[in-house]
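Chain identifiers are assigned alphabetically (A, B, ...) following the order of the sequence lines, protein sequences preceding nucleic acid strands; residue numbering begins at 1 within each chain.
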There are 2 protein chains.
Amino acid sequence: MIRLDKVCRLFQVGDQEVRALDDVSMVIENGDYLSIMGPSGSGKSTLLNVIGLLDRPTSGTYTLDDRETTALNDDELAHTRARRIGFIFQSFHLVSRMTAFENVELPLVLAGVAPAERKPRVKKLLDDLSLTDRGHHRPDQLSGGQRQRVAIARAMVMQPTVLLADEPTGNLDHASGAEVLAAIEQLNARGITLIVVTHDNEVGDRAHRHIRMRDGKVVDDFAGKRT
Amino acid sequence: MIRLDKVCRLFQVGDQEVRALDDVSMVIENGDYLSIMGPSGSGKSTLLNVIGLLDRPTSGTYTLDDRETTALNDDELAHTRARRIGFIFQSFHLVSRMTAFENVELPLVLAGVAPAERKPRVKKLLDDLSLTDRGHHRPDQLSGGQRQRVAIARAMVMQPTVLLADEPTGNLDHASGAEVLAAIEQLNARGITLIVVTHDNEVGDRAHRHIRMRDGKVVDDFAGKRT
Ligand SMILES: Nc1ncnc2c1ncn2[C@@H]1O[C@H](COP(=O)(O)OP(=O)(O)OP(=O)(O)O)[C@@H](O)[C@H]1O
Ligand SMILES: Nc1ncnc2c1ncn2[C@@H]1O[C@H](COP(=O)(O)OP(=O)(O)OP(=O)(O)O)[C@@H](O)[C@H]1O
Ligand SMILES: [Mg+2]
Ligand SMILES: [Mg+2]
């Protein structure tokens with residue numbers, strides 16, 4: 001379970017203070033499927049980064065399965081993150097000197113999974129996302145949407161307990177986007193908590209619960225399929 | 001006028017050959033407003049890179065206002081590009097150690113425009129794209145959509161004769177996207193040739209002429225507003 005209590009995240013730029021998250025409180029149960037929408041700059045990525053243990057609140061608390069994360073040191077954060085959280089970044093963050101296959105395989109390599117087990121797992125994910133012929137391309141040899149799908153595959157390959165997707169279909173045509181959504185929703189159907197930040201209403205509407213943000217605040221939080 | 005004649009662009013990856021552009025021919029008149037749509041990996045960015053003189057055809061010719069570009073050397077290409085073409089990249093390519101303001105100002109600095117003239121021009125563009133309070137933020141201190149708008153402002157600041165936009169609204173909510181489209185369409189209204197690659201049908205429909213690509217080929221090319 002994810003519990004945020006009065007979380008604030010302030011950024012300082014020169015003498016300007018930016019309230020990227022302003023007093024955010026919420027509870028997310030295991031296996032929930034949330035969408036987060038709102039204007040550009042409203043705090044969506046910052047919220048995801050805090051939930052994903054990539055960033056710490058300035059104030060307030062974040063409890064992940066009864067562990068108070070704000071009390072953990074950086075090593076403990078990194079360890080929890082690697083074991084439990086899959087993150088699809090808005091700007092992908094692929095390793096430029098590795099191929100698509102190696103990028104997706106990397107979390108499994110770092111976790112000590114044997115080649116005989118990890119190779120077919122990576123291959124299956126690439127096939128599911130129509131990247132079969134692009135496995136040996138490096139990121140600079142891929143289209144924007146292909147890079148996005150590699151980032152998605154990498155986030156899924158460890159079967160994390162929480163999958164955080166920051167604009168996963170932003171660079172994709174309708175058909176590729178549908179493929180991606182089917183894949184991550186299948187993970188949710190198996191019990192993985194799924195949080196999707198999106199600007200696309202059609203994508204956001206598929207979630208079971210809908211969060212809207214504005215100026216660092218959660219201004220709307222309602223459950224139920226809208227269509 | 002832009003004229004492509006049987007343009008091919010092949011990429012070699014190991015022993016695999018990718019036909020990113022496959023026998024593309026088209027004529028674009030000065031002041032035209034085109035959208036280019038198609039599946040992920042169909043060749044849209046590659047087509048834009050060739051038109052924008054960032055990449056050369058493997059075969060075929062590209063004539064830009066009666067100059068055969070395939071005969072130009074790299075310096076001449078760079079010179080033509082700097083003077084005439086504004087490019088909004090799918091992955092932004094901002095200078096990470098410069099502020100948003102400095103990123104937008106950079107083309108004017110390189111062109112030798114005096115501070116007294118370039119400062120207000122940059123400020124106006126930042127205001128038009130709702131970036132007024134973010135001018136002194138560096139790219140890593142901006143949201144994804146804010147970075148996208150900085151990339152857009154930079155492409156517009158030199159008043160290029162051709163503006164090439166690769167998925168300019170991919171990271172933007174509806175309102176920010178509308179702001180961007182209004183700004184670039186205003187340039188088109190003043191005679192600038194505008195080519196927009198997009199996955200969003202609502203955005204693509206606004207163009208006066210619609211190109212569809214599939215597997216490196218142009219499979220559709222029709223004029224007129226669809227709605
Ligand atoms: N440098 C390269 N080396 C090898 N293959 C490449 C290279 N650049 C692009 N490709 C391949 O060429 C094809 C077209 O790429 P392009 O980037 O033009 O697609 P796109 O239509 O812009 O896709 P998207 O909608 O995903 O951005 C893709 O299949 C891609 O893998
Ligand atoms: N490192 C930072 N330093 C200063 N300000 C920051 C930093 N990171 C983000 N911000 C600011 O915090 C606000 C929220 O940023 P965030 O990336 O969470 O927005 P977002 O909702 O994801 O936007 P988008 O839809 O454009 O991706 C923005 O106004 C941004 O400029
Ligand atoms: Mg964001
Ligand atoms: Mg592209």
Kindly write out the residues that satisfy side-chain contact (heavy atoms from CB on, under 4.5 Å) with A/L126, not counting sequence neighbours, or none if the list is empty. A/F101, A/V104, A/V122, A/L131
Side chain to side chain, A/L194 and A/L187, heavy atoms closer than 4.5 Å: no
Is the closest side-chain heavy-atom distance between B/V196 and B/P168 below 4.5 Å? yes
Find out whether B/I195 and B/L47 are in side-chain contact, i.e. whether some heavy atom of one side chain is under 4.5 Å from a heavy atom of the other. no
Report yes if some heavy atom in the side chain of A/L4 is under 4.5 Å from a heavy atom in the side chain of A/I51; otherwise report no. yes
Any pair with a residue in residues 34-43 of chain A that passes salt bridge (Lys or Arg N to Asp or Glu O under 4.0 Å), sequence neighbours left out, goes on the list, sorted by first then second residue, please. none
Quick one: donor-acceptor pairs between chain B and chain A, under 3.5 Å, side chains and backbone, table format.
{"unit_1": "B/Q16", "atom_1": "OE1", "unit_2": "A/H136", "atom_2": "NE2", "d": "3.1"}
{"unit_1": "B/Q16", "atom_1": "OE1", "unit_2": "A/H137", "atom_2": "NE2", "d": "2.9"}
{"unit_1": "B/Q16", "atom_1": "NE2", "unit_2": "A/D133", "atom_2": "O", "d": "3.1"}
{"unit_1": "B/S40", "atom_1": "N", "unit_2": "A/D173", "atom_2": "OD1", "d": "2.7"}
{"unit_1": "B/S40", "atom_1": "OG", "unit_2": "A/R149", "atom_2": "NH2", "d": "2.6"}
{"unit_1": "B/Q90", "atom_1": "NE2", "unit_2": "A/N171", "atom_2": "OD1", "d": "2.9"}
{"unit_1": "B/D133", "atom_1": "O", "unit_2": "A/Q16", "atom_2": "NE2", "d": "3.2"}
{"unit_1": "B/H136", "atom_1": "NE2", "unit_2": "A/Q16", "atom_2": "OE1", "d": "3.1"}
{"unit_1": "B/H137", "atom_1": "NE2", "unit_2": "A/Q16", "atom_2": "OE1", "d": "2.9"}
{"unit_1": "B/R149", "atom_1": "NH2", "unit_2": "A/S40", "atom_2": "OG", "d": "2.6"}
{"unit_1": "B/N171", "atom_1": "O", "unit_2": "A/H199", "atom_2": "NE2", "d": "3.1"}
{"unit_1": "B/N171", "atom_1": "OD1", "unit_2": "A/Q90", "atom_2": "NE2", "d": "2.9"}
{"unit_1": "B/D173", "atom_1": "N", "unit_2": "A/H199", "atom_2": "ND1", "d": "3.3"}
{"unit_1": "B/D173", "atom_1": "OD1", "unit_2": "A/S40", "atom_2": "N", "d": "2.7"}
{"unit_1": "B/H199", "atom_1": "ND1", "unit_2": "A/D173", "atom_2": "N", "d": "3.3"}
{"unit_1": "B/H199", "atom_1": "NE2", "unit_2": "A/N171", "atom_2": "O", "d": "3.1"}

